[in-house]
> 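Quick one: the structure is below, and I'll ask about it shortly.
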Amino acid sequence: MAQSQGAMQVQPGVAHPFSKFTPAELEFAAADQLIDVVPTFTSDSIAFLAGTFGPFRPLQRTTVPLWLAVELRKQGMCEIQAPDWLNKDALSGIVERERREQTFQEVPFHYQEIANCILAADSNAVGGSQEDILAVRTLLKDLEQLREEKVRGGLKSFAEGLDEVVVKLPGISAMELNVVRPVFLQAIGRVHHLQRERGRAEEASQNLQQSIDDEDAPGL
């Protein structure tokens, strides 16, 4: 999919001008998400602040936090098992539904951060060939762009309905929310200001009309 004009650009490690967190900070927030790994070492269960994980046995799948999976992979101590949604076939279906339907499709709240971390740590986890890996990267980009278009549509609808200060974007992801939340907050602040000014103008108009009515009234 070609890059659409006006798409929200998020460069690695660089905060969006209206966002609160950088992509790196969002990845840190996603680091406790659980994924499966296949260890290449033997160990009893290990206790961490986030919980106890293991035991670890070669060729036996076990569940660990994303941060631990990445560290083990860096040391050659495991193979990461991609989540069910992070492969060519699953993403193709999600992208097709995202393109066809108006609502956001169901994906993990931190899907972008999880995908980025896994692809950086162990790209072979998402496919058995370079062609599959490239397809996954392309589908993720397509998915992000389709969802960005829906986010912009939500912003446009919000701008067109200033009297309705209710914004519903069910299914929005953490990174998408990070981009739009400050924009919404700024817009809502402007809406409240306009509503206050409108109230003052209406009150002044009513007072003026009352004064005119009083002057036109016959004397007692």
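Throughout, residue positions are numbered sequentially from 1 according to the sequence presented. Any value given below was found using the heavy atoms of this structure, including those in side chains, with hydrogens, waters and symmetry copies removed.
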> Please tell me if the side chains of Ser92 and Leu139 come closer than 4.5 Å, counting only heavy atoms from C-beta onward.
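They are in contact (side-chain heavy atoms under 4.5 Å apart), so the answer is yes.
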> Any donor and acceptor pair, going by atom type alone, linking the side chain of Thr62 with main-chain N or O of Phe53 inside 3.5 Å?
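No; zero donor-acceptor contacts below 3.5 Å.
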> Evaluate the criterion side-chain contact (heavy atoms from CB on, under 4.5 Å) for residue pair Val126 and Asn87; output intermediate values, then yes/no.
CA-CA 5 Å; Val126 305; Asn87 62 70; 5.8 Å; no
> Just jot down the ring pair (Phe, Tyr, Trp, His ring centres under 6.0 Å) partners of Phe48, sequence neighbours excluded, or say none.
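With sequence neighbours excluded, Phe48 shows a ring pair (Phe, Tyr, Trp, His ring centres under 6.0 Å) to Trp67, given in chain and number order.
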> Would you name the heavy atoms of Ala121 and Arg73 that are closest together and state the gap between them?
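In this case the closest contact between Ala121 and Arg73 is O-CG, 3.4 Å.
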> Going by heavy atoms in the side chains, are Met175 and Glu113 under 4.5 Å from each other?
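Met175 vs Glu113: side chains touch.
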> Does anything in residues 95-149 pair up under ring pair (Phe, Tyr, Trp, His ring centres under 6.0 Å), and if so which pairs, sequence neighbours excluded?
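Checked against ring pair (Phe, Tyr, Trp, His ring centres under 6.0 Å) - neighbours excluded - no pair reaches residues 95-149.
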> Would you name the heavy atoms of Pro58 and Phe41 that are closest together and state the gap between them?
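So the two residues come closest at CD-O, 3.4 Å.
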> Which heavy atom of Pro55 sits nearest to which heavy atom of Ser45, and what is that distance?
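Heavy atoms only, the tightest pair is N-OG, 3.2 Å.
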> Between Thr52 and Ile46, is any pair of side-chain heavy atoms under 4.5 Å apart?
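Of all side-chain heavy-atom pairs linking Ile46 with Thr52, none is under 4.5 Å.
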> Could you tell me which residues satisfy side-chain hydrogen bond (donor to acceptor under 3.5 Å, both in side chains) with Glu101, sequence neighbours excluded, listed by chain and number?
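Gln105.
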> Can you tell me how far OG1 of Thr42 sits from CD of Gln60, rounded to the nearest 0.5 angstrom?
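Nearest 0.5 Å value for the CD-OG1 distance: 8.5 Å.
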> Looking at Glu98, is its backbone amide N or carbonyl O close enough to the side chain of Lys150 to form a donor-acceptor pair, meaning the two atoms are under 3.5 Å apart?
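Side chain of Lys150 to backbone of Glu98, a donor-acceptor pair under 3.5 Å: yes, one is there.
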> Using salt bridge (Lys or Arg N to Asp or Glu O under 4.0 Å) as the criterion, list what pairs up with Asp84, not counting sequence neighbours.
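Residues passing salt bridge (Lys or Arg N to Asp or Glu O under 4.0 Å) with Asp84: none at all.
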> Show your working on side-chain contact (heavy atoms from CB on, under 4.5 Å) between Val64 and Phe56 and close with a plain yes or no.
CA-CA 10 Å; Val64 299; Phe56 300 92; 3.8 Å; yes
> If you take all heavy atoms of Ile80 and Asp122, which pair is closest and at what distance?
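Heavy-atom minimum between the residues: N-OD2, 3.2 Å.
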> Kindly indicate whether the side chain of Asp142, heavy atoms from C-beta on, has any atom under 4.5 Å from the side chain of Thr138.
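Side chain of Asp142 against side chain of Thr138, heavy atoms only: contact under 4.5 Å found.
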> Following the transitive rule for hydrophobic clusters with a side-chain heavy-atom cut-off under 4.5 Å over Ile, Leu, Val, Met, Phe, Trp and Tyr, establish whether Val95 and Trp85 coincide in one cluster.
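Same hydrophobic cluster.
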> Give every residue pair that meets the ring pair (Phe, Tyr, Trp, His ring centres under 6.0 Å) criterion with at least one member in residues 119-151, sequence neighbours excluded.
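Counting only pairs at least two positions apart or across chains, no ring pair (Phe, Tyr, Trp, His ring centres under 6.0 Å) contact touches residues 119-151.
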> Determine whether a donor-acceptor pair (N or O, by modelled atom type, separation under 3.5 Å) exists between the side chain of Glu71 and the backbone of Leu68.
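Answer holds: no.
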> So do the side chains of Arg147 and Val151 get within less than 4.5 Å of each other, counting heavy atoms only?
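Arg147 vs Val151: side chains apart.
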> Holding to side-chain hydrogen bond (donor to acceptor under 3.5 Å, both in side chains), I want the full list of residues that pass it with Arg61, two or more places apart in sequence or in another chain.
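With neighbours one apart ignored, the set is Asp36, Gln81.
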> So, do Leu86 and Leu140 sit near enough that their side-chain heavy atoms are less than 4.5 Å apart?
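Leu86 reaches Leu140 side chain to side chain.
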> If we ignore hydrogens and angles and just use 3.5 Å, is the side chain of Arg57 paired with the main-chain N or O of Ser43 as donor and acceptor?
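Checked: pair present.
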> Where do Ala69 and Ile35 come nearest, in terms of heavy atoms and distance?
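For Ala69 versus Ile35, the nearest heavy atoms are CB-CD1, 3.6 Å.
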> Tell me whether Val38 is reachable from Ile118 by hopping between hydrophobic residues (I, L, V, M, F, W, Y) whose side-chain heavy atoms are closer than 4.5 Å.
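Unlinked, Ile118 and Val38 end up in two clusters.
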> Could you walk me through whether Glu96 and Arg99 pass the salt bridge (charged side-chain N to carboxylate O under 4.0 Å, His left out) check?
CA-CA 5 Å; Glu96 180 57 33; Arg99 182 178 290 112; 3.6 Å; yes
> Ile114, Phe28: one ILVMFWY side-chain cluster at the under-4.5 Å cut-off?
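They do not share one cluster, since no chain of ILVMFWY contacts under 4.5 Å joins Ile114 to Phe28.
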> Can you see which heavy atom on Leu66 is nearest to which on Ala30, and at what distance?
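Closest approach of Leu66 to Ala30: CD2-O, 4.0 Å.
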> Glu79 versus Val37: any side-chain heavy-atom pair under 4.5 Å?
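Glu79 does not reach Val37 side chain to side chain.
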> Taking atom CD of Gln102 as the centre, report whether more than 12 heavy atoms of other residues, nucleotides or ligands fall under 6.0 Å from it.
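Result for CD/Gln102: open.
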> Taking atom types as modelled, is there a side-chain donor on Gln112 or Ser173 under 3.5 Å from an acceptor on the other?
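Gln112 vs Ser173: donor-acceptor pair found between side chains.
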